[in-house]
Amino acid sequence: MLILYGLPVSTFSTKVRIALHAKGIAFEERLPPGGYRSDAWRAIIPTGTIPAIDHDGLLLAESEAIIEYLDEAFEGPALLPGNAATRARIRMLARVHDLAVEPAVRALFPLIRDPARRESLPTLAAGIAERLRQLAQLRSGDPHWMAGVAFSTADCGFAVTLPLAAHLLDALGQPLNMPASITGWLSRSADHPAVAAGLAPWRPATEAWLTQALAGASK
Ligand SMILES: N[C@@H](CCC(=O)N[C@@H](CS)C(=O)NCC(=O)O)C(=O)O
């Protein structure tokens, strides 16, 4: 049995949940014992982060390492398909997600909780728009999925981070400028069964977090 340790609201847990659904792997999702960052969780995963998996005793953290392992260890549609060049572009775009786009979106979190910090909203929104422009340019030869004709690990992270960006900016009253090719990818992604299944626990959890955080902010 494969266990995914994560939280419904967590971006990187949702990225791995989408990959699990895309591969058709049966799994059980559990909360990290003690909560992420806790001493109890650090005794299992020293970095204290989620997601992590336990596959027959193999403990693994870091979403990209987890997804590459799942791809190699299980049957099902390849998440790193194609030749060396395609696979390299998949890895490049997956890293652009993890290291550039997701951090730009995460930077909005403090603004949700604290209205005093919202003067930086236009700058942060422009930063996200710039990252998306770069992304559109990087994948300009890929009209369908992020990195080619097949759904891949490059799609899994963006499939949660881009709806999150749109939702947070909407809640903050700031429109998000998305290049047309990214808007097209986003609607294809929403229709993918693995994305729909992976986002199913994430949507209500994110909504509840947002409602609570905004209510706290208005006090
Ligand atoms: N590079 C890690 C990032 C994971 C990550 O940042 N997870 C967040 C939740 S979405 C977390 O555990 N944050 C707690 C912390 O950074 O201490 C991965 O790809 O799995």
Side-chain angles (χ1 to χ4, degrees), residues 2-23 25 27-55 58-74 79-80 87 90-113 124 127-128 131 135 146-147 152-169 171 194-195 197-210 212-213:
L2 190 143
I3 299 164
L4 168 64
Y5 287 102
L7 277 175
V9 76
S10 146
T11 296
F12 286 95
S13 306
T14 300
K15 172 184 163 185
V16 170
R17 193 182 308 115
I18 290 169
L20 283 161
H21 285 293
K23 291 292 287 182
I25 300 168
F27 68 99
E28 183 187 315
E29 187 161 344
R30 294 190 194 160
L31 302 177
Y36 67 91
R37 292 184 183 153
S38 69
D39 288 345
W41 181 235
R42 283 185 202 279
I44 301 167
I45 298 293
T47 51
T49 55
I50 48 170
I53 59 163
D54 180 343
H55 182 221
L58 171 71
L59 282 166
L60 212 50
E62 289 296 325
S63 57
E64 276 307 299
I66 293 170
I67 294 175
E68 291 214 18
Y69 170 73
L70 297 175
D71 206 35
E72 290 179 10
F74 288 84
L79 290 175
L80 274 148
R87 291 159 66 83
I90 289 170
R91 291 191 176 99
M92 172 183 73
L93 291 169
R95 287 180 71 82
V96 166
H97 169 267
D98 289 5
L99 302 176
V101 178
E102 196 279 341
V105 174
R106 183 172 293 251
L108 295 172
F109 291 176
L111 280 63
I112 297 283
R113 287 190 193 283
L124 294 183
I128 294 169
R131 289 303 193 188
L135 176 64
M146 260 312 157
S152 74
T153 184
D155 295 283
C156 294
F158 290 112
V160 51
T161 295
L162 296 191
L164 178 64
H167 199 42
L168 294 185
L169 287 173
V195 173
L199 293 185
W202 173 84
R203 277 190 199 289
T206 300
E207 207 50 58
W209 167 76
L210 193 54
Q212 194 185 23

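We count ligands from 1, going down the list as the structure has it; atoms in each ligand are counted the same way.
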Within ligand 1, which atoms have a heavy atom of [X] less than 4.0 Å away?
{"X": "T11", "result": "10 (S)"}
{"X": "R106", "result": "10 (S)"}
{"X": "P51", "result": "20 (O)"}

Protein contact to [atom] [nearest heavy atom, distance to 0.1 Å]:
{"atom": "atom 6 (O) of ligand 1", "answer": "F12 CD1, 3.9 Å"}
{"atom": "atom 10 (S) of ligand 1", "answer": "S10 OG, 3.1 Å"}
{"atom": "atom 16 (O) of ligand 1", "answer": "T49 CG2, 3.8 Å"}
{"atom": "atom 15 (C) of ligand 1", "answer": "R37 NE, 3.3 Å"}
{"atom": "atom 20 (O) of ligand 1", "answer": "S63 N, 2.9 Å"}

So, regarding [X] and ligand 1 (criterion: nitrogen or oxygen to nitrogen or oxygen, under 3.5 Å), is there a contact or not?
{"X": "I50", "value": "yes"}
{"X": "E62", "value": "yes"}
{"X": "T47", "value": "no"}

Check: [Y] main-chain N/O paired with [X] side-chain donor or acceptor under 3.5 Å:
{"X": "R87", "Y": "L80", "result": "yes"}
{"X": "R131", "Y": "A104", "result": "no"}
{"X": "D98", "Y": "R95", "result": "no"}

### Message
I'd like to know if K15 pairs up with E102 as an ion pair, taking the criterion as any Lys NZ or Arg NE/NH1/NH2 lying under 4.0 Å from an Asp or Glu carboxylate oxygen.
### Response
no
### Task
Identify whether the distance between the nearest side-chain nitrogen and carboxylate oxygen of E68 and R91 falls below 4.0 Å.
yes
### Any E102 heavy atom less than 4.0 Å from ligand 1
no
### Task
Would you please indicate yes or no on a ring centroid separation below 6.0 angstrom for F27 and H55?
no
### Message
Does only the side chain of Y36 get under 4.0 Å from ligand 1, or the backbone, or both, or neither? Count heavy atoms.
### Response
side chain
### Query
Between CG of L7 and CD1 of I50, what distance do you get to the nearest 0.5 Å?
4.0 Å
### Task
Give the minimum heavy-atom separation between I128 and L108, together with the two atoms involved.
CD1-CD1, 3.7 Å
### Query
Is there a donor in the side chain of H97 and an acceptor in the side chain of T161, or the other way round, less than 3.5 Å apart?
yes
